[in-house]
Amino acid sequence: MAYWLFKSEPSTWSWDDQVAKGDMGEEWDGVRNYQARNFMRQMALGDRGFFYHSQKERAVVGIVEVIAKAHPDSTTDDERWECVDIKAIKSVKTPVTLDDIKQVEALSEMVLVRNSRLSVQPVTEEEWAIVCEMAGISG
DNA sequence: GCCAACGTTGGC
DNA sequence: GCCAACGTTGGC
C-alpha cells in the first residue's frame, strides 16, 4: 500500500465537505498539473492519504482512502486530465501543522516542505507513521 | 496583500 | 527546442 497527500483550499473543498460525502466519497477533480495527475495514475484501491488544508490553516486534518482508480475528470472534456475518488476514513485528533512538520528533522524531505505547490504528493511510509503519531491517530 | 517558486504557453 | 512572458499557487 502506498501513501499520499491531497491538498485543498478549505474554502473550495474542506475536510468537512469530504466527511459529509461519507463512504460514497468524491472525485478529486480539478487537478490541472501533470505531476499531480501522474501520481493519481499510480494510486491503487485502498491506498491511504492525508487530507491537507492549504492557505490560512496549513495542516493535515484527516485520513482518506482511494476508492476508485484514475478515471477521466468529469469537470472537463479535456481527456488529459484524470482523477481518483477518495473517501474520508477518520479525522485527526490533533491537526499537524506545516510548522509542526518543519520542526521534525525526519520530515524535512517531505514534498510538502520541498515543493509546497504540488497539490497531490507521495508520502513515504516513515513520514506517514511520524505524522500519524503527531496527529494522535494510528493511521 | 505580497512575492517567490513553479508550470505552461507561444514566439522565434 | 529554447526561452521569455505570463498565470497560478501557496506560504508568509
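Per chain, numbering begins at 1; letters A, B, ... match sequence-line order. Everything numeric in this text was worked out from a predicted model, so none of it was measured.
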Legend entry - Donor-acceptor side-chain pairing of A:D73 and A:T75 below 3.5 angstrom: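 A:D73 vs A:T75: donor-acceptor pair found between side chains.
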Inset, instruction - Step through the shown structure and confirm whether more than 12 heavy atoms of other residues, nucleotides or ligands are within 6.0 Å of CG on A:D23. - result: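 Atom CG in A:D23 is not packed in, count stays at 12 or less.
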Inset, instruction - Could you state whether A:V84 and A:V111 fall into the same hydrophobic cluster, counting links through intermediate Ile, Leu, Val, Met, Phe, Trp or Tyr residues with side-chain heavy atoms under 4.5 angstrom apart? - result: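 Linked, A:V84 and A:V111 end up in one cluster.
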Legend entry - Transitive ILVMFWY side-chain link A:F51 to A:I67, under 4.5 Å: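 No: no chain of side-chain contacts under 4.5 Å links A:F51 to A:I67.
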Legend entry - Ring centroid separation A:W81 to A:Y34 under 6.0 Å: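 For A:W81 and A:Y34, the ring centres are under 6.0 Å apart.
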Inset, instruction - Please state whether the phosphate of C:dC12, meaning OP1 or OP2, lies under 4.0 angstrom from any side-chain nitrogen or oxygen of A:R58. - result: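 Checking C:dC12 against A:R58, a side-chain N or O does come within under 4.0 Å of OP1 or OP2.
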Inset, instruction - Tell me whether the OP1 or OP2 atom of C:dT9 has a side-chain N or O from A:Y52 closer than 4.0 Å. - result: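 A:Y52 to C:dT9 OP1/OP2: no side-chain N or O under 4.0 Å.
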Round to the nearest Å and state the distance from [X] atom [atom1] to [N] atom [atom2].
X: A:M110; N: C:dG11; atom1: CE; atom2: C1'; result: 16 Å
X: A:Q55; N: B:dC2; atom1: CD; atom2: P; result: 16 Å
X: A:L112; N: B:dA5; atom1: CG; atom2: C1'; result: 15 Å
X: A:L118; N: B:dA4; atom1: CG; atom2: P; result: 21 Å
X: A:N33; N: B:dA5; atom1: CG; atom2: P; result: 18 Å
X: A:Y34; N: B:dT8; atom1: OH; atom2: C1'; result: 9 Å
X: A:N115; N: C:dG10; atom1: CG; atom2: C1'; result: 11 Å
X: A:H53; N: C:dT9; atom1: NE2; atom2: C1'; result: 16 Å

Legend entry - Candidates C:dG10, B:dC6, C:dG11 - which lies nearest the side chain of A:R117: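 Nucleotide nearest to A:R117's side chain: B:dC6.
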Legend entry - From C:dG10, C:dC12, B:dG7, nucleotide with atom closest to A:Q35 side chain: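 Comparing C:dG10, C:dC12, B:dG7 against the side chain of A:Q35, the answer is B:dG7.
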Legend entry - Sugar-phosphate, base or nothing in reach of A:L98, heavy atoms under 4.0 Å: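 Since only primed, P, OP1 and OP2 atoms lie under 4.0 Å of A:L98, the category is sugar-phosphate.
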Inset, instruction - Under 4.0 Å between any heavy atoms, over every strand shown, what does A:K102 touch: base, sugar-phosphate, or nothing? Just pick one. - result: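 The answer is sugar-phosphate, as A:K102 gets under 4.0 Å only of primed atoms, P, OP1 or OP2.
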